[in-house]
Amino acid sequence: MQDRIFLSSPHMSDEGYEMQYVKEAFDTNWIAPLGENVNEFENELATKVGSKGAAALSSGTGAIHLALKAAGVDEGDIVFSSTLTFSATANPIIYQNAIPVFIDSDYETWNMSPKALEEAFEKYPDVKAVIVVHLYGLSADMDKIVELCKKHNVVLIEDAAESLGTYYKGKHTGTFGDYGVFSFNGNKIITTSGGGMLVSDNDERIAKARFWATQSRDQARHYQHSELGFNYRMSNVVAGIGRGQLKVLEDRVAKKNYVFNFYKRELGGLYGVEFMPSNEWNEPNYWLSSMTLYGKVRPIDVIDALEKENIESRLIWKPMHMQPYFEKYDFVGTDVSEKLFENGVCLPSDTKMTDADLERVIKIIKKLW
Ligand SMILES: *Cc1c(COP(=O)(O)O)cnc(C)c1O
């Protein structure tokens, strides 16, 4: 059996940057709790994306949770969320005892449909916040979404967990809304083994998020708490990995782009194949190369054929409004996200893949036609 090819696995720098920062943490015994790596990782990431402030947290999910809290979302509030996403986008809405309403995608972006969002605003005028996802590193149509949220005076949170390195009209995703969220989970474009970041231009809210993330300790000689707290802060060791990974982000984006164009060139002509959409305003990080199949060959045929040869691939996210846990909540839209789920497949997009690996993948797929 040949070596396994992964969908997207951790890829540390050849230069060993991550180890240098981790070693510094060890040498100074700043293993925990906070320390220079955490502060610098926040500064470096904020600078990279063009945001005023950032709070390093233990996960992207925790960052979404604190974004909702910072937005004032509380029990019984309505929150709109992209339906075509990973469950981590929607779970924090429930942590706050709020009520999700799921919004459909459009074919132009695969992301939140501005048209469906507009309909949702008409149906729920007292909505408290909107979470828009930038799926697989494609950006949503932010001009329209920002305009609608402004018009209705509603807080906008961007789940940019999959889109670090993605720009919309030259501006980094995660910086259009009131809050942006990044993830450094193991399969993301850069990873700290696990972690997340909340970004915002509102320094006061970022400071508040750090406060909540460290058990909401009041300024007092004894342990005093006037608010509910969370243990959501990133450790200084983990932040060291993040600082090193941030140095190679552009290399990772370039390689993901190469992988996507390789597949598109080799497979784009097969009957029924359509690759994820390109828009002139979108500069994606191509986190996962994805395509839809509208012919005889089904996504599961591709996944099974690759798995037989020890290659990992997977289906598109199953929309939240189709999930047993979330199906009791309302959904606004048509069948776009459902169709993308039925017909979509994510190809192995590991940045360590060689041309020979890519040839191996396309040969197996082409045999199915
Ligand atoms: C990975 C991911 C998250 C969650 O991030 P974690 O760091 O794993 O908690 C949230 N939303 C989307 C769209 C993701 O892909």
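Both counts, for ligands and for their atoms, begin at 1 and track the order of listing. Starting from 1, each residue takes its place in the sequence as its number.
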Atoms of ligand 1 close to Ser183 [distance to a heavy atom under 4.0 angstrom, numbered from 1]: 1 (C), 5 (O), 6 (P), 7 (O), 8 (O)

Please determine whether any non-hydrogen atom of Gly194 lies less than 4.0 Å from an atom of ligand 1. no

Taking C-beta and beyond as the side chain, do Met112 and Asp141 meet within less than 4.5 Å on heavy atoms? no

Closest protein heavy atom to atom 9 (O) of ligand 1, given as residue, atom name and distance to 0.1 Å: Thr61 OG1, 2.5 Å

Can you list the ligand 1 atoms lying under 4.0 Å from a non-hydrogen atom of Gly60? 5 (O), 6 (P), 7 (O), 9 (O)

Heavy atom under 4.0 Å from ligand 1: found in Ser59's side chain, backbone, both, or neither? both

Check each atom of ligand 1 against the heavy atoms of Ala161 and keep those under 4.0 Å away; list them by number with element. 2 (C), 3 (C), 10 (C), 11 (N), 12 (C), 14 (C)

Heavy-atom contacts with Thr89 under 4.0 Å: which atoms of ligand 1 show up? List them by number with element. 11 (N), 13 (C)

Using a plain distance cutoff, I'd like to know if Ala88 has any nitrogen or oxygen under 3.5 Å from a nitrogen or oxygen of ligand 1. no

Under 3.5 Å between some N or O of ligand 1 and some N or O of Glu162? yes

Rounded to the nearest 0.5 Å, what separation is found between the CD atom of Gln2 and the CD1 atom of Ile311? 7.5 Å

Taking the six-membered ring of Tyr294 as reference, does the NZ or CZ atom of Lys296 fall below 6.0 Å from its centre and within a 45° cone about the axis? no

What donor-acceptor contacts under 3.5 angstrom involve side-chain atoms of residues 60-77, with partners at least two apart or in another chain?
from, atom 1, to, atom 2, distance (Å)
His65, ND1, Tyr232, OH, 2.9
His65, NE2, Gln96, OE1, 2.8
Asp77, OD2, Asp74, N, 2.7

Specify the protein heavy atom at minimum distance from atom 1 (C) of ligand 1: its residue, its atom name, and the distance to 0.1 Å. Lys188 NZ, 1.5 Å

Give the residue and atom name of whichever protein heavy atom lies nearest to atom 11 (N) of ligand 1, and the separation in Å to one decimal. Asp159 OD2, 2.7 Å

Honestly, is Arg265 close enough over Phe262, meaning NZ or CZ under 6.0 Å from the six-membered ring centre and within 45° of the axis? yes

Using a 4.0 Å cut-off to any heavy atom of Gly195, which atoms of ligand 1 qualify? 7 (O)

Within 45° cone and under 6.0 Å: Arg217 NZ/CZ vs Tyr223 ring: yes

Report the relative orientation of the aromatic rings in Phe331 and His321; use parallel for angles under 30°, tilted for 30 to 60°, perpendicular for over 60°. parallel

Quick one: do Glu307 and Arg314 make a salt bridge, cutoff under 4.0 Å? no

Hey, which atoms in ligand 1 end up nearer than 4.0 Å to a heavy atom of Thr85? 13 (C)

So, taking the atom named CZ in Phe341 and the one named CG in Leu84, what distance separates them when rounded to the nearest 0.5 Å? 9.5 Å

Report yes if Trp317 has an N/O atom closer than 3.5 Å to an N/O atom of ligand 1; otherwise report no. no

